[in-house]
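Below is one structure, written out as structure tokens; comments come after it.
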Amino acid sequence: MAVQTARRAEKLPGGRVNLAGRGSALGDRAFQGIAFAFAASILVLIVTIFVVLFVDARVALAQEGLRFITGQVWNPNESIFGALPYIYGTIFTSLIGLLIATPIAVGASLYIVEYAPNWLRAPISFIVELLAVIPSVIYGFWGLAVLAPFLRDRVERPLKAALGDVPVLNALVEGPARGRDMFVAGVILSIMILPTIMSVAREVISTVPGTQREGMLALGATKWEMIKGAVLPYARGGIVGAAILGLGRAIGETMAVTMLIGNSSTKISWSLLTPGYTMASAIANQFADANSAVHFSAIIGVAVVLLFVTGAVNLVARLIVSRFGGDTRATGI
Amino acid sequence: MGLMTLLLAFTFVLTACGGGATPTTGGTTSSAAPSAAPSTAASTAPSAAPSTVASAAPSTAASAAPSTAAGGSATRTTAPATTTSAAGGTSSTATRAVATATRTGSATAVGTAGSANATPNTSINITGPFSGEANTLNGAGATFPQVLYSKWFDEYSKVTNVKVNYQGTGSGAGKNAIRDQTVDFAGSDSPMSDAELAAAQAKCGDTIQHIPTTLGAIVVSYNLPNVSQKLKMDGDVIAGIFLEQIKKWNDPKIAALNPGVNLPNEDIITVHRSDSSGTTDNFTSYLTAVSQAWANGPKSGSTVQWPGGIGASGNPGVANEIKNNPYAIGYVELAFAKQNNLSYADVKNSAGQFVTANAASVTAAGQSAAERAPADLRFKLVNAPGAQSYPITAITWILVCPKQTDQAKAVALTRMLWWATHSGQQFAEGLDYSPLPPAIVVRAEAFINNITVNGQKAFPGR
Amino acid sequence: MQGQMTAPSIPGARPRLSLEASDGQARRRKIVNGIMTTLIGAAALLGVSILGIILGYIIVKGAPALNLDFFTKAPPALGEAGGGVAPAIRGSLLIVGLASLVGIPVGLGAGIYLAEFGRGRFADTVRFIADLMTGLPSIAIGAVAWALLVKRGIGTYNAIAGSVALAIIMIPIITRTTEEILKLVPNNLREASLALGTPRWKTIVSVVLPVARSGILTGVILSVARVSGETAPLLLTVLGNSFASNNLRGPMAALPLEIYQYATKSPFADSFTKAWGASLVLIIIIGLLSLSVRLAARLGGPQARR
């Protein structure tokens, strides 16, 4: 890694010095022009995306104003569009996913970096990261066929039985155990963001200098104490960045969530068993259905909000991760 | 490497397709068609034949004003087609009491669209490809008739080589698609509102036509693992369940209607449509008609504010959820319940009878259809009168723009519509739908004949 | 990266352990250590086994669905048995193929620009935007493709709109990986070539790119694999088709759509079997693509980091 940075540093100054004769200037300019055009097309794309979405979202945003993100009622029949239930569903499921995935990702990363024999490190990383290659729709189907019935019968029902009569906590399990709710969507999200978080967390943890560890061990610390005292504090920032990066992925996830979240209530409820919506699943469900201009515009408005939220979360994550020595490139996949 | 393979495959597919596409368009009425067609037509005729009389004397049958055009074009019918229809006509006797009853009644004209007693034109049969028609049609919308449509278009591609691609996106999406003209036709079992029709004027240039295709029952289907008896339900109970006021299966209100049934003490999991749906529209129209609580609450519409439950996309999606979730209850077209061995309740109708949904009870509900139907055929059948009528019966339409612009598509579309409303009807009962009442078919004929392409009549009459 | 390593302070690295621990304390420390070690191991095991479980289901349940018909026939009428997913396989190849035709050159070009010419505010902006775009929800991109090419543009549901959406997803991925790979190419190669009087464009084409070949290919293939499974944008744009179609300007079937349909929109007896089968086919396609990445990596040269 040190080498890589060094190269990058020395390459840029040397970059565009044209040592060739004048004859080739035309070819160079043409080549650079073409490459420039392709690079510029990325800017054109992002501008197009935003312009198209904003133009289509204008009507609803103008009608609702700030209520679009603070309003709790989404009723197309009466042309009221408050997207808060969708925003809430997005945050709720993403947090469930994050709460489950982060400890597992950090644990697996610690295992790979601190415990695993050399020959096992690459295979474990590879296998976990392969999870990122499985398409969302297959997660959704597997969730529908295997995970949801399992969670419904083995987790939700017992949980409901255990917490149903406990004051305060029973709000978490209000409603029947359906297997189509925030909880199931959150669990499938946790699996889907696991590789994202793990690859960055592993990177960050492996950058903890060996001297840190040796110092702790030399003081007679157990391995866990060494991890707790030297590794985790050092990697903490990067792990937070990794988690936020995972959050970014969870927020925009569409298919698997749509297939499992229940697509129903627009109530804002603390219950894990609420069949709800996320922003993405609301778009998927209502995109083709919106029969008034305002309703369609409101759906696109949700897409605009979603775009801003994922953009902001990704931005924050990347800033944190790069500050703490991780690498976010792996997550592009 | 993988990329190379992919690109190679890509080019290969492209070339393969380019070559393969030509012969299909070339197909005409000649060679292969008659051999394939008569067999289907003959086998289909007996059950289809809404009118035995008409086949004997097509021209007289078509005396009603809108049918003249169809009658006139009958002269152009090809020889094989005529023989088939004659064969079908003679072999089929009046099998269904309802059809016969309607036909024997006195001829009273209803509205301007047609006469209640008119008999469909059976002299025109679509039996093979037609020179110059498009070889693909794209449609989207209602899932209520999807089992039937899926069968239809599978059969139809064998009859005519025209591939009719129909995607069940829900009635709401279908109505939007025909408004935007992103499809050639749409399916819907929720009629377009005046506002929707006005919005659709922009791209179509005329009023979208509602061509009825079939009748069906919306059943209240449930998954109760250890209950073998058929449950009985009335409007209040159904509304209570979907309002989530009745929360447990052993609720006294359900038990009162079902003495002797060992109802479990389990939470009821309601399943409803997450997409904009004509099935929802009919179901909630029924609930609005029979339950005050519902009329004061969610009311009727393609989308309503459900108090809770699982949202699923399409009739198949709801059936899927019912099938996979014990203690679930939802509403689907009869075919989806029956063909998946889902239980469904007998529902109390306006005459106070508990009626099982089946072709007979749906036909009974549809019996009054012709009399009640307005000229544009935008109407609902829920809560129909009659002791035998199933109360949550619905009619479904194919929505088309009557001002077509593409000659080949218009020919293919009108031929497909004619086939669907005539030969296609025979498949209805076998798939748990009910065929259209003959008087409605006559009015559909008028609609089909009124479709124009660039000012000319689009339907070639064969 | 290494440069930043020494920069941040080391907040938690203050050893506060009492070295004169009592026996009881020592035992407790040992127990805690044991528990945590177990938990960490369990986390790793869980992470690894999830993939095994998911793939296991797909293979065991999907394999029985695979037969010749599955690959060669169109789906039957709803509720009827038999048939296959041939239109979907063909549709996926067409849609992803077209997306690649557009997305790969643009992504490569932009990546080359950023690595070889990219300095200043413009390049930084492009880099930043490309990073941001890799995180955009694909459904939003699908909505844009629908607005531009379905509602406006072509006017009907069509495969091109789907391809464009997929291409938009591919471009930033390829751009960023290409740039990263090209940066790994030793600069003295460029200098040597330029010193010989080779024009810069020729240096890039015949010296830099060949060295980075396998790495670039890796990025390209991974992006193809990624979009092969994309469903949401296709749902909004290509509609689906129960027949095989080669008309890019019309609705088309695609494997991910087929899986979605069979999984959620078909209660009939064998629909889950078909969904498992289609999942297996899709996983095999993606697996082969990913595997070829490994092979490409073996070809040597700077490689993409996963």
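Protein chains get the first letters and strands the later ones, always in sequence-line order, with residue 1 at the start of each.
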- [ ] Locate the shortest heavy-atom distance separating S41(A) from V106(C); write the atom from each residue and the value.
- [x] OG-CG1, 3.3 Å
Open item on the list: Are the side chains of L55(C) and L130(A) in contact, using a 4.5 Å heavy-atom criterion?
Closed with: no
TODO: Measure the shortest side-chain to side-chain distance between T258(A) and T264(C) over non-hydrogen atoms and say whether it is less than 4.5 angstrom.
DONE: no
TODO: To the nearest 0.5 angstrom, please state how far the CE atom of M133(C) sits from the OG1 atom of T310(A).
DONE: 12.0 Å
- [ ] With a 4.5 angstrom heavy-atom cut-off, could you sort out which part of F296(A) is near chain C: side chain, backbone, both or neither?
- [x] side chain
TODO: Over all heavy atoms of both residues, which pair between D28(A) and W201(C) is shortest? Give the atoms and the distance, please.
DONE: OD1-N, 2.7 Å
- [ ] Sort T175(C) into side chain, backbone, both or neither according to what part of it lies under 4.5 angstrom from a heavy atom of chain A.
- [x] side chain
Open item on the list: Need one label for L46(C): side chain, backbone, both or neither, based on atoms under 4.5 Å from any heavy atom in chain A.
Closed with: side chain
TODO: Identify which of G47(C), S279(C), G229(C), G287(C) forms the greatest number of heavy-atom pairs closer than 4.5 Å to chain A.
DONE: S279(C)
TODO: Decide yes or no for I283(C) and I138(A): does some side-chain heavy atom of the first lie under 4.5 Å from some side-chain heavy atom of the second?
DONE: yes
TODO: Could you have a look at T37(C), I168(C), V32(C) and say which one has the most heavy-atom pairs with chain A under 4.5 angstrom?
DONE: T37(C)
Return a table of donor-acceptor pairs under 3.5 angstrom between the side chains of residues 145-152 of chain C and protein atoms on other chains or two or more places apart.
unit_1	atom_1	unit_2	atom_2	d
R152(C)	NH1	A147(C)	O	3.1
R152(C)	NH2	D56(A)	OD1	3.3

Task: Structural part of L194(A) lying under 4.5 Å from a heavy atom of chain C - done: side chain
Open item on the list: For Y113(C) versus A35(A), what's the shortest heavy-atom pair and its separation?
Closed with: CB-O, 3.5 Å
Open item on the list: Which atoms of I54(C) are under 4.5 Å from chain A, going by heavy atoms: the side chain, the backbone, both sets, or neither?
Closed with: both
Task: Heavy-atom proximity to chain C below 4.5 Å, by part of I34(A) - done: neither
Task: Engaged part of F128(C) at the chain A interface, taking heavy atoms whose separation is under 4.5 Å - done: side chain
Open item on the list: For the CD1 atom of I40(C) and the CG atom of L110(A), what is their distance to the nearest 0.5 Å?
Closed with: 4.5 Å
Open item on the list: Is A30(A) in contact with chain C via its backbone, its side chain, both, or neither, using a 4.5 Å heavy-atom distance?
Closed with: neither
- [ ] Would you give the length of the straight line joining atom CZ of F126(A) to atom CG of L51(C), rounded to the nearest 0.5 angstrom?
- [x] 9.0 Å
TODO: First locate atom CE of M259(A), then atom OH of Y260(C), and finally report the distance between them rounded to the nearest 0.5 Å.
DONE: 7.0 Å
Open item on the list: So that I know where these two stand, are F141(A) and F272(C) an aromatic pair - ring centroids less than 6.0 Å apart?
Closed with: yes
- [ ] Can you see which heavy atom on L144(A) is nearest to which on A263(C), and at what distance?
- [x] CD2-O, 3.3 Å
Open item on the list: If I compare all heavy atoms of P137(C) with all of L307(A), which pair ends up nearest, and what's the gap?
Closed with: CD-CD1, 3.9 Å
Task: Where A280(A) and I139(C) come nearest, the two heavy atoms and their spacing - done: O-CD1, 4.0 Å
Open item on the list: Is there a side chain to side chain contact (heavy atoms under 4.5 Å, CB included) between L235(C) and T254(A)? Walk through the geometry before answering.
Closed with: CA-CA 11 Å; L235(C) 204 61; T254(A) 309; over 6 Å; no
TODO: Decide yes or no for D131(C) and R318(A): does some side-chain heavy atom of the first lie under 4.5 Å from some side-chain heavy atom of the second?
DONE: yes
Task: salt bridge (Lys or Arg N to Asp or Glu O under 4.0 Å) pairs, two or more places apart, involving residues 105-116 of chain A - done: E114(A)-R213(A)
Open item on the list: Less than 4.5 Å apart, side chain to side chain, heavy atoms only: is that true for L45(C) and Y111(A)?
Closed with: no
Task: Reported CZ-to-OG1 distance for the pair F287(A) and T237(C), which is rounded to 0.5 angstrom - done: 9.0 Å
Open item on the list: Quick check on L232(A) against chain C: is it the side chain, the backbone, both or neither that has a heavy atom closer than 4.5 Å?
Closed with: neither
TODO: May I ask you to name which of V106(A), N314(A), I49(A), T48(A) has the most heavy-atom pairs under 4.5 Å with chain C?
DONE: I49(A)
TODO: For chain A, find which of A42(C), G135(C), A140(C) contributes the most heavy-atom pairs closer than 4.5 angstrom.
DONE: G135(C)
Open item on the list: Taking T222(A)'s backbone N and O only, do any of them form a donor-acceptor pair with N33(C)'s side chain (distance below 3.5 Å, no angle check)?
Closed with: no
Task: Segment of L45(A) engaging chain C (4.5 angstrom heavy-atom cut-off) - done: side chain
Task: Non-hydrogen side-chain atoms of S136(A) and T231(C) separated by less than 4.5 Å - done: no
Open item on the list: Which atoms of I204(C) are under 4.5 Å from chain A, going by heavy atoms: the side chain, the backbone, both sets, or neither?
Closed with: side chain
- [ ] Drop me the distance from M255(A)'s CE to L234(C)'s CG, to the nearest 0.5 angstrom.
- [x] 9.5 Å
- [ ] Between chain C and each of K223(A), M226(A), M279(A), count heavy-atom pairs under 4.5 Å; write down the option with the most.
- [x] K223(A)
- [ ] Measure distances from I251(A) to the heavy atoms of chain C and classify the residue's part below 4.5 Å as side chain, backbone, both or neither.
- [x] neither
Task: Side-chain touch W142(A)/I58(C), heavy atoms, less than 4.5 angstrom - done: no
- [ ] Decide yes or no for F31(A) and I112(C): does some side-chain heavy atom of the first lie under 4.5 Å from some side-chain heavy atom of the second?
- [x] yes
- [ ] Step through it carefully: locate the ring centre of F122(C), locate the ring centre of F36(A), and say whether they are under 6.0 Å apart.
- [x] yes
Open item on the list: Please identify, among V128(A), I112(A), L147(A), the residue contributing the most non-hydrogen atom pairs under 4.5 Å to chain C.
Closed with: V128(A)
Task: Engaged part of L282(C) at the chain A interface, taking heavy atoms whose separation is under 4.5 Å - done: side chain
